[in-house]
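Here's the structure, in structure tokens; my notes come after.
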2 protein chains.
Amino acid sequence: MFTHEHICTTMSKKQKTIEQHHFPWDHPRFRSWIAVARACQLMQQTLTRRLAELDIKPPHLDILINLYRFDGISQQELARKLLVGRSNMSMLLPHLEKRGLIERRGDEKDKRVLRLSLTASGRLLSEQAMEIQTALIDKSLDDEPIEDCLKVAQSMERLIQRLLKEESDPG
Amino acid sequence: MFTHEHICTTMSKKQKTIEQHHFPWDHPRFRSWIAVARACQLMQQTLTRRLAELDIKPPHLDILINLYRFDGISQQELARKLLVGRSNMSMLLPHLEKRGLIERRGDEKDKRVLRLSLTASGRLLSEQAMEIQTALIDKSLDDEPIEDCLKVAQSMERLIQRLLKEESDPG
DNA sequence: ACAAATATGTTCATGAGTGAACATATCTAG
DNA sequence: CTAGATATGTTCACTCATGAACATATTTGT
């Protein structure tokens with residue numbers, strides 16, 4: 001829930017003359033990142049409203065999409081893909097299971113792991129929900145040129161790699 | 001009523017031959033947005049770890065930065081800037097007040113509103129925390145050219161405007 | 001082969017965020 | 001002037017997410 005709405009428009013003479021950034025909001029990368037974070041937050045809220053008619057929330061959709069793509073994935077792998085803790089999956093998945101959207105079956109080879117898959121109704125719901133999400137993203141970005149989107153995606157993927165690297169190597 | 005027939009559950013020859021996007025993850029804007037969302041999520045988690053030494057979390061920092069910039073702001077205005085509900089502020093602010101970081105004083109003119117401001121120690125803590133946040137953002141983005149950052153910021157601000165507009169006008 | 005390290009999943013207490021219902025206070029239209 | 005509409009803040013029940021502690025199961029090192 002980052003953020004500051006408007007970017008500071010007043011600049012002291014000192015800040016103008018010597019090119020330093022005394023406040024975060026005068027710092028271009030800071031301002032850019034805040035804009036990104038705010039956009040994400042709003043997108044999430046909008047998606048939450050759009051998904052309400054299917055009675056699911058963005059976290060559930062993230063799970064469903066991953067099961068759709070990666071049938072038989074384990075809870076651990078799923079948590080890693082979603083960048084959340086294992087305990088989070090342990091809390092959410094039983095709920096989806098009770099709703100009849102997913103199935104959890106023990107792995108024969110490795111008795112620790114639970115293999116996840118969509119049921120027929122889970123697959124149907126996933127398709128409806130992905131439709132909603134894709135439509136929202138499309139509508140929101142349709143005046144950004146595709147090549148700009150791809151460029152942003154590349155920047156973000158570089159950023160993700162850096163952050164994941166530093167997470168494992170706490171330098 | 002949702003039509004999802006153009007999302008196919010099985011890979012047909014047709015899908016492979018004609019270049020269409022039948023799955024969200026084959027859709028460039030979708031993939032771009034997912035990258036943005038993942039980057040935000042990781043950034044948030046990293047910031048959470050970095051702020052732990054100051055015993056605050058990103059939501060507190062967002063509040064502090066806004067009080068730093070906009071002394072005397074009301075809870076309502078603050079919630080609007082942060083894109084959260086009023087009830088959220090009602091839950092968080094008393095905690096910060098008890099820690100001696102902020103003050104809440106009733107407005108003389110309008111007895112409904114509470115005016116918020118930082119205490120001396122709140123100001124000090126804010127500066128330390130902004131230092132940490134700015135350093136993280138800088139380190140994470142320092143191989144992205146400034147002009148690319150600014151371009152992204154503009155795209156995101158356009159997106160924010162669109163989403164806010166549609167929120168008020170539910171078309 | 002067996003002890004130690006590692007991996008997977010669960011449970012629990014805690015914290016952040018939400019919307020609805022509520023209580024006041026202010027504004028606006030007759 | 002007053003009644004209804006609007007604005008601000010609080011409380012409540014609920015959801016999502018986390019990390020620590022735990023229980024099992026597997027892998028590794030000797």
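Just so it is clear: chains get the letters A, B, ... in the order the sequence lines come, proteins before strands, and each one is counted from 1. All values derive from a computational prediction rather than experimental measurement.
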Where do N or O atoms of nucleotides 11-13 of chain C meet protein N or O atoms at under 3.5 Å, pair by pair?
none

With 3.5 Å as the limit, what N/O pairs link the protein to nucleotides 1-3 of chain C?
none

- prompt: Quick one: B/L83 CG to C/dG19 P, roughly how many Å, whole number?
  reply: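 Interatomic distance, CG of B/L83 to P of C/dG19: 12 Å.
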field: Spacing of B/L82 atom CG relative to C/dG17 atom P, expressed in whole Å
entry: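 So the CG-P distance, B/L82 to C/dG17, works out to 9 Å.
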For [X], what residues pass the side chain to side chain donor-acceptor pair (under 3.5 Å) criterion, not counting sequence neighbours?
X      : result
A/S74  : A/E77
B/R162 : A/D142, A/D143
B/R49  : none
B/Q154 : none

task: Find which nucleotide of DNA chain D each of A/L92 and B/Q76 is nearest to by heavy atoms, and output the residue with the more 5' nucleotide.
output: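 Nearer the 5' end of the strand: B/Q76.
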message: Assuming nearest nucleotide by heavy-atom distance, tell me which of A/M89 and B/R115 is located more 5' along DNA chain D.
response: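 Nearer the 5' end of the strand: B/R115.
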Tell me what [X] touches on the nucleic acid: a base, only sugar-phosphate, or nothing, going by heavy atoms under 4.0 Å.
X      : answer
A/H95  : nothing
A/S74  : sugar-phosphate
B/R104 : sugar-phosphate
B/E77  : nothing

query: On DNA chain D, which is the earliest and which the latest nucleotide, 5' to 3', with an atom closer than 4.0 Å to a heavy atom of chain A?
result: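 Contact span on the strand: D/dT15 to D/dT26.
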message: Tell me which pairs pass salt bridge (Lys or Arg N to Asp or Glu O under 4.0 Å) where either residue lies in residues 121-134 of chain B, with sequence neighbours left out.
response: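 Checked against salt bridge (Lys or Arg N to Asp or Glu O under 4.0 Å) - neighbours excluded - no pair reaches residues 121-134 of chain B.
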query: Salt bridge between A/R29 and B/E144, side-chain N to carboxylate O under 4.0 Å?
result: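 Salt bridge between A/R29 and B/E144, a charged N being under 4.0 Å from a carboxylate O: no.
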task: Measure from NZ or CZ of B/R69 to the centre of the six-membered ring of A/W25, then state whether that distance is under 6.0 Å and the direction lies within 45° of the axis.
output: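 Checked: cation-pi criterion met.
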field: Selection residues 109-120 of chain B - residue pairs positive for side chain to side chain donor-acceptor pair (under 3.5 Å), sequence neighbours left out
entry: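 Output for this query lists B/D107-B/R115, B/D110-B/R112, B/T119-B/S121.
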Under 3.5 Å, N/O pairs linking protein and nucleotides 26-29 of chain C:
| from | atom 1 | to | atom 2 | distance (Å) |
| --- | --- | --- | --- | --- |
| C/dT26 | OP1 | B/K111 | N | 2.7 |

- prompt: Roughly how far, to the nearest 0.5 Å, is the CG atom of A/L141 from the OG atom of B/S155?
  reply: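 One gets 8.5 Å once the value is rounded to the nearest 0.5 Å.
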field: Atom pair CG (A/L42) and CG (B/L159), whose distance is rounded to the nearest 0.5 Å
entry: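 Spacing of CG (A/L42) from CG (B/L159) equals 7.5 Å.
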field: Listed partners of A/E103 passing salt bridge (charged side-chain N to carboxylate O under 4.0 Å, His left out), at least two apart
entry: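 So A/E103 forms no salt bridge (charged side-chain N to carboxylate O under 4.0 Å, His left out) with any residue.
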message: Taking transitive links into account, so neighbours of neighbours count too, which hydrophobic residues share a cluster with B/M91 at under 4.5 Å side-chain distance?
response: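 None; B/M91 is a cluster of one.
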message: Please find the pair of heavy atoms, one from A/A153 and one from B/A35, that lie closest to each other, and give the distance.
response: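 Answer, listing the atom of A/A153 first, then B/A35: O-CB, 4.1 Å.
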